[in-house]
Amino acid sequence: MVFLGGQVLPGNVGRAILGPFADQRAVDALNHSLGVDRPLLVQYGSWIWNFLQGDMGTSYVFRAPVAPFVIDALGNSMKLALVAFVLVVPIGILGGVIAALNVNRPLDRIISLGGLSVTVLPEFVTGIILILIFGVWLRWLPIAAAWPKGAGFFTQLYYLILPSLPLFLVLFGYIARMARSGMIEALDSDYTRTAVLKGLPWRTVIWRHVLRNALLPTITVIATQTGYLIGGLVVIETLFRYQGIGSLIFTAARGKDFPMLEAGILTIGIVYAVATFVADFLYSVLNPRIRLGAEQ
Amino acid sequence: MRKNYRILDLLRRGRTPLENHLIDGLIDGRISRREFVRHGSLLGLSLPLLGRIGMAAGFGAAPSLARAGAPGATIRVGSSVPAAAIDPVTIADAGGLLVMQQVAEFLCVDGPDLVLKPALAESWKPNTDGSVWTFKLRKGVKFHSGGEMKAEDVVASIDRLADPANSSNALSVFNGILKKGASKKVDDYTVEFHLDAPNGNFPYMLSSDNYNAVIIPASYKGDYEKSFDGTGPFKIEKYTPKVGASFVRNDDYWGEKALPDRTEFTFFTDIQPQILALQGGQIDIINQMPVLAGVAVLNDPNVEIISLKSSAHQQLHMHCDEGPTKDARVRRAIALCLDREKLAAGLMKGRAALGNDSPFAAVYPSTDTSVPQRKQDIAQAKQLMEAAGLAQGFKMTLTTERYLEIPEYAQLIQNWVKEIGIELELNILDQSAYYGDAVFGKSNWLDSAMGITDYGHRGVPNVYLAAPLKSDGTWNAAHFKNKDYDQMAASYIAALDLEAQKATAGKIQKLLLEETPVVFGYFYDYLTATAKGVAGVQPTAMSQLFLEKASKG
C-alpha cells in the first residue's frame, strides 16, 4: 500500500532530488542509477526480497543504508515517549484518582476542566508557548532537543524536558479523565461496597479493590497512545528539531525516498502491534477474569 | 577629484581593446564606477588594478574593508536540512550546498555586490569574441586530502558537471554553453574553456553563482560525504545527516587563515524553530530568512539583519498561445493592475526592489534604467481590456506553489484584477504537485494557463533570459515564442562589452513590456539574521555563507 501510494504522488525520485530546474537528461540518468525506472513490480519484488533477508534497503536520497537511520530515529522517539510517559502516567492517574475521590467538588472541577482545556490545545501551540517561556525568556531549557555528542543520561534528560511537556499536556487530561471515570465506576461497584462493609481499611479498599479495576480502561488508553507517541510526533519533532521516526517518515515521503518510507512505516506498524500486545498482556494481569474466561 | 592621465596611460598599456573600451567608458562617464568594477571583474581584471584605475580616473580610493574581529570563536549557524546526500555534482538545495561550500571552493566568487572576485583562479580572459575563456589557476593550493590543486582537477570537476551521464544539477547551466570535453588543460595552472557559442558572462558559470562548480580532486568517485575534500579555509570535523555539521580551521589554507576556531551548523526543517533558537541564544546566525516568516526579528534590537539586494523573484506567467491571455493587451492589462509600490513596501516589508516585467533587476549593471517603470493604472488596463473585446472580463485559474509569500502574492493579484473584471480562482499546490515532472505535459508549472513560480538569485540574467522566455526555453511556462526576442537574448548573452549589453538590455526590456509574457512584480532581498555582536559574516544571495572572517563580540 505504501509503495503504491508513493507512486501516485506527483513528480519522480530523480526530480525530487535534483529539483525542478535540473536538466531532464540529468534526472533520467539519476533515475536509472537508482533503479527507479524499472517496472514497479520488479522494484517491489526486489524490495520485498531484500527486506525478508533483513536488508531494509538503501536510501535514494542519502545513498546510504536505511537501517541505521530508522534505528536511530526509533531510539530517539522511544526516549522522548518514555520521558513523556514517566511524567504523564503517574501524574495523570493521580489526578484522575484525586478528582474521583472529590467528585463534583472544586478540586474535581479544576482537574477535569483544566485537563480538558490543555488536551484540546494542539502541541504546536503549547510547544511554542513553552519555548517562549522556558527557552527564550527564562533561558532555562534548551530549545532544540538535539543534545551534544556523547551526552550522558542526565544531559539527555535535560534536553528532553521541554519537548516532552507539550505531550504531557496533551495526554494529561485524557489519562486523568479515564482514570477518574474508572475510579467512579469502581467506587460505585458492589465489590467496593462489600469490601467497605467487610470493614477493610479505606486505604486497602482503594489500593486492592478500586484502583486495580479502575485502571483497566486507562491502560488501554495508554497503550493506544504509545503508537501515537512513537510514530506520530511530526509537529513536536519539527518544532524541537528532534530526529524521531515521525519526522523521518515525513521527510522520506516528501523526498519520495521509498526505501526509507517503507522501512519507517513498517517499523511503526511493528511498534503499534507490540504496544497493543503489551496492553492486552497487562490487561490480563490486572483482570484475571480475562484469563479465566479464555481457559473456560 | 582630477583625472591623472599619465597614470591612466600607464595602466592602459598592454590591455586588450575590450578592456580599454571599458576604461574609456569610466573616464568618459558613460558607465558608473560600480558598473566598471563589476564588469572589469567579469573580464578578469584584478580588483587592485580596478581600484588603481578608479583612483586615477578621479573616483578616490575604494572604501576599506571592516576591521577583523577577535579570533577563536565558535560560530553557530542555523540552516535548512540538506535534502539529499551531499555531492557536488547533484546537490540542488540550500542546506546541502551551504555545507559543501564550507569546505570546497570555486574558481571565483560572485560577491554581494555582484563583483567577481578571484578564488582558486587568479585571473581569466576571453578571446576576442568570447568563445574561449582562459583561466589562470592559483599556485600552491592544497586539498584537505593533501594533493595540490592543478589544472586536471579543474578540468575533471567541470567536465563532470557538463556530462549528461552524471546526473549533474549544473547541466541546465551548461546546456548550450559548455560540453563535456570542452574544458582543456593548457599547463598545470592554465585551463581553457571552449564554449559552444560566444558568451560574455561565462566566468559567472564557473563562479559561486553556479553552486555545483566547486573544485574537487580529479580522482573523485562520488562519495563526497566520506571525505568532504576541498581547498577551503575550513575542514570537516563531523557531519551527521539530518542533524548538523561542524568544521574546524584549515591551517594549511592558501589564503588568510580563518578567524573562528570552529563553526557549527544545525539543521532545521522549519524557519520558526530557527528564529526561536536565535532568540534563545542557541545559534548565532540564520543563514536565510524569508521576510514574512522573519517579521518578528526584523525589528528585534538583539538581532542584526544582513540584507542583500538580489535578482530573486516570483514570475507570474501567462499563456501566450491560448485562452484570453493570448492577446498581449490582456497580459499588459493584468500587469497594469499590480500596485508594485505596495508589493515592495507591504507584502515584502520594504525588503524588495520594484520589477518592471523583465528579468533586468536593478542590481544588474546592464539594466537600462531609462526604460519607464510600469505602474498601477486601472483606467488604462480597462481600456486595453475593452480594445481586446473583453470589457466584461473573464474567469481563469491561477495555479501556484505554497512557498514563501507566494500564496499572499496570489491573493493580492486576485483582488487587483477584479477591478478590470477578471475573476481568478486560486489553485495553490504543494511544491512537488506544482512542479510535477517539470516537463511540458506533466507539470502544473509548465502547463498552467497562469502561474507563479519562485526563481532564485543569479549574478547575471542569462538563465532568466533563456530558459523561461526563449521560444525553445525548457522552463517557458508562458509558451512565449518571439523570434525578435530570441535574437536579442542571444545577442545579449554573447556580448562582451557592457555598453553593448546595456543597449540590448534596453531593447529587451521594451519588447517584454509590450508583450508581457511574464510579470516581474518585485525582486526580493536576501536576508541573513545574526545575533548582535556577531561580525564579519558574509552571505551571498545564492545561500552561501562565508565565515572565515566571522567573530563574536
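In this text the structure is predicted, and so the values were computed from the model without any measurement. Here is the naming used below: chain letters follow the sequence lines, and residue numbers restart at 1 for every chain.
- Of all the listed residues (B:Leu171, B:Leu278, B:Ile283, B:Asp93), the one sharing the greatest number of non-hydrogen pairs under 4.5 Å with chain A is B:Leu171.
- In this structure, chain B has a heavy atom under 4.5 Å from the side chain of A:Leu132, while its backbone stays farther away.
- In this structure, B:Leu276 and A:Val136 approach most closely via the heavy-atom pair O-CG2, 3.8 Å.
- Interface residue A:Phe69: only side-chain heavy atoms are found under 4.5 Å from chain B.
- Judged by distance alone, with hydrogens and angles left aside, the side-chain atoms of A:Arg25 form no donor-acceptor pair with the main-chain N or O of B:Ala165 at under 3.5 Å.
- The neighbour count for A:Phe85 CZ, taken as heavy atoms of other residues, nucleotides or ligands under 6.0 Å away, is above 12.
- Between atom CD1 of residue B:Ile275 and atom CD1 of residue A:Ile131 there is a gap of 12.0 Å, rounded to the nearest 0.5 Å.
- Expressed to the nearest 0.5 Å, how far CD of B:Gln272 lies from CD1 of A:Ile128 amounts to 6.5 Å.
- Of the two parts of B:Asn212, neither the backbone nor the side chain holds a non-hydrogen atom closer than 4.5 Å to a non-hydrogen atom of chain A.
- Residues B:Asn169 and A:Ala22 come closest through the heavy atom pair OD1-CB, 3.3 Å.
- With a 4.5 Å cut-off on non-hydrogen atoms, B:Lys238 touches chain A through its side chain but not through its backbone.
- Distance check, rounded to the nearest 0.5 Å: CZ of A:Arg15 to OG of B:Ser443 gives 8.5 Å.
- Annotation: A:Leu41, atom CG; neighbour count of heavy atoms from other residues, nucleotides and ligands within 6.0 Å does not exceed 12.
- Among B:Pro164, B:Ala277, B:Ala92, the residue with the largest count of heavy-atom pairs under 4.5 Å with chain A is B:Pro164.
- Nearest heavy atom pair, residue A:Ala29 against residue B:Ser167, reads C-OG, 3.5 Å.
- Rounded to the nearest 0.5 Å, atoms CG (B:Asp270) and OG (A:Ser247) are 12.0 Å apart.
- Taking each heavy atom of B:Ala438 and A:Pro20 in turn, the nearest pair found is CB-O, 3.5 Å.
- Heavy-atom proximity under 4.5 angstrom to chain B picks out A:Val61, A:Phe62, A:Arg63 from residues 45-63 of chain A.
- Using a 4.5 Å cut-off between heavy atoms, B:Thr240 does not touch chain A at all.
- Across B:Thr90 and A:Leu18, no two heavy atoms sit closer than the pair O-CD2, 3.3 Å.
- Taking the six-membered ring for Trp and thresholds of 30 and 60 degrees, B:Tyr435 and A:Phe21 have ring planes more than 60 degrees apart, a perpendicular arrangement.
- Contacts between B:Val243 and chain A at a heavy-atom distance below 4.5 Å involve backbone atoms as well as side-chain atoms.
- Using a 4.5 Å cut-off between heavy atoms, B:Thr474 makes no contact with chain A at all.
- The backbone N or O of A:Ile143 lies less than 3.5 Å from a partner atom in the side chain of B:Gln282, making a donor-acceptor pair.
- Looking only at heavy-atom pairs under 4.5 Å with chain A, the residue among B:Lys442, B:Lys242, B:Gln431 that has the most is B:Lys242.
- Both the backbone and the side chain of B:Gln279 come within contact range of chain A, each with at least one heavy atom under 4.5 Å from a heavy atom of that chain.
- Environment of NZ in B:Lys180: sparse, with no more than 12 heavy atoms of neighbouring residues, nucleotides or ligands closer than 6.0 Å.
- Within the 4.5 angstrom heavy-atom criterion, no atom of A:Leu34 approaches chain B.
- For B:Asn444, no part lies near chain A; criterion is any non-hydrogen pair under 4.5 Å.
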For this session: Check the pair B:Val81, A:Thr251 against side chain to side chain contact (heavy atoms under 4.5 Å, CB included), reporting the backbone distance first and the verdict last.
Result: CA-CA 10 Å; B:Val81 187; A:Thr251 49; over 6 Å; no
